[in-house]
Amino acid sequence: MRIAVSYDEGEVSRHFGSSDRFKLYETDNKDVVDTRIIENPARGHDAVIDVLAPYSIDAVISGSVCTAGARRMESMGITVYSGIKGDADGKVKELLEGKLLSDREKMSRSDISIM
């Protein structure tokens with residue numbers, strides 16, 4: 001499993017679309033086997049998703065992810081964990097242990113259209 005965490009000095013950063021960097025975790029579904037930090041030159045969920053696409057990410061962990069961004073990633077087979085705060089390495093460990101839950105109520109609602 002490959003996991004991308006919006007990353008700021010060891011912590012999960014607040015927002016996916018404006019994160020300056022991501023920490024990428026390669027796992028064997030039980031343990032982390034490799035990590036690296038990549039700089040993110042993009043802004044906005046679509047552009048950031050395009051930056052991450054070549055890494056074949058299976059899951060994203062972030063403080064918040066807008067609804068449209070989450071939908072796009074989920075349509076690509078990426079599981080989105082939003083509303084997450086705290087130590088990035090610890091949150092990845094929780095995910096691998098099946099203990100990390102996404103807080104969908106904290107997702108940005110700024111892009112929902114009014115019918």
Side-chain angles (χ1 to χ4, degrees):
M1 172 188 287
R2 293 185 178 140
I3 305 163
V5 178
S6 57
Y7 189 77
D8 185 22
E9 298 192 24
E11 301 288 312
V12 177
S13 69
R14 287 181 7 155
H15 187 49
F16 175 81
S18 61
S19 183
D20 290 330
R21 58 194 63 73
F22 283 84
K23 187 167 183 181
L24 306 180
Y25 297 79
E26 180 77 34
T27 77
D28 62 6
N29 293 323
K30 182 179 171 188
D31 296 303
V32 174
V33 296
D34 192 27
T35 65
R36 69 174 156 168
I37 296 172
I38 62 167
E39 297 296 319
N40 175 31
R43 290 295 175 259
H45 67 267
D46 280 329
V48 175
I49 292 168
D50 292 341
V51 166
L52 293 175
Y55 297 99
S56 301
I57 302 301
D58 299 298
V60 165
I61 299 172
S62 186
S64 68
V65 180
C66 72
T67 304
R71 285 185 188 141
R72 180 173 173 212
M73 286 187 279
E74 289 168 350
S75 76
M76 298 167 66
I78 300 169
T79 303
V80 178
Y81 295 88
S82 64
I84 309 301
K85 296 179 183 178
D87 175 66
D89 294 348
K91 295 304 173 183
V92 168
K93 182 178 179 187
E94 285 180 36
L95 174 60
L96 295 174
E97 293 172 348
K99 297 177 183 176
L100 187 67
L101 300 175
S102 180
D103 185 353
R104 294 299 192 129
E105 294 303 314
K106 292 184 180 178
M107 289 176 59
S108 169
R109 302 289 181 183
S110 62
D111 61 343
I112 295 177
S113 62
I114 299 173
M115 296 185 169

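- Atom CG of Leu24 sits about 11.0 Å away from atom OG of Ser56, to the nearest 0.5 Å.
- A donor-acceptor pair under 3.5 Å is formed between the side chain of Ser102 and the backbone N or O of Ser82.
- Contact detail for Gly17 and Val48: the closest heavy-atom pair is O-CG2, 3.8 Å.
- Closest of all the heavy-atom pairs between Tyr7 and Ser13 is N-OG, 3.5 Å.
- For Asp34, the side-chain contact (heavy atoms from CB on, under 4.5 Å) partners two or more places apart in sequence, or in a different chain, are Glu26.
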- Quick one: do Phe16 and Tyr81 satisfy ring-ring contact (aromatic ring centres under 6.0 Å, His included)? Show the steps, please. CA-CA 11 Å; Phe16 175 81; Tyr81 295 88; over 10 Å; no

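- Applying the side-chain hydrogen bond (donor to acceptor under 3.5 Å, both in side chains) test to Glu11 and every residue at least two apart in sequence or in another chain returns nothing.
- With sequence neighbours excluded, the residues that form a side-chain contact (heavy atoms from CB on, under 4.5 Å) with Met1 are Ile3, Thr27, Asn29, Asp58, Leu95, Leu96.
- Just one of Asp89, Ile61, Val92 meets the side-chain contact (heavy atoms from CB on, under 4.5 Å) condition when paired with Val12; it is Ile61.
- Across all non-hydrogen atoms, the minimal contact from Ser62 to Arg14 is OG-O, 4.4 Å.
- No chain of hydrophobic side-chain contacts below 4.5 Å, direct or via other Ile, Leu, Val, Met, Phe, Trp or Tyr residues, connects Tyr25 to Ile37.
- Proximity of Glu74 to Val80: side-chain heavy atoms (C-beta onward) are separated by under 4.5 Å at one or more points.
- Residue pairs satisfying the ring pair (Phe, Tyr, Trp, His ring centres under 6.0 Å) criterion with at least one member in residues 50-78, sequence neighbours excluded, are absent.
- Applying the side-chain contact (heavy atoms from CB on, under 4.5 Å) test to Glu39 and every residue at least two apart in sequence or in another chain returns Arg21.
- For the pair Lys91 and Glu94, the salt-bridge criterion is met [side-chain N within less than 4.0 Å of a carboxylate O].
- Under the rule for a side-chain contact (heavy atoms from CB on, under 4.5 Å), the partners of Asp20 that lie at least two apart in sequence or sit in another chain are Arg43.
- In this structure, the separation between CE on Met73 and CG on Asp46 is 9.5 Å, given to the nearest 0.5 Å.
- Taking a 6.0 Å sphere around CD of Glu97, one finds it holds more than 12 heavy atoms contributed by other residues, nucleotides or ligands.
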- Task: Verify side chain to side chain contact (heavy atoms under 4.5 Å, CB included) between Ile38 and Leu52, making sure each step is shown before the conclusion.
- Result: CA-CA 9 Å; Ile38 62 167; Leu52 293 175; 3.9 Å; yes

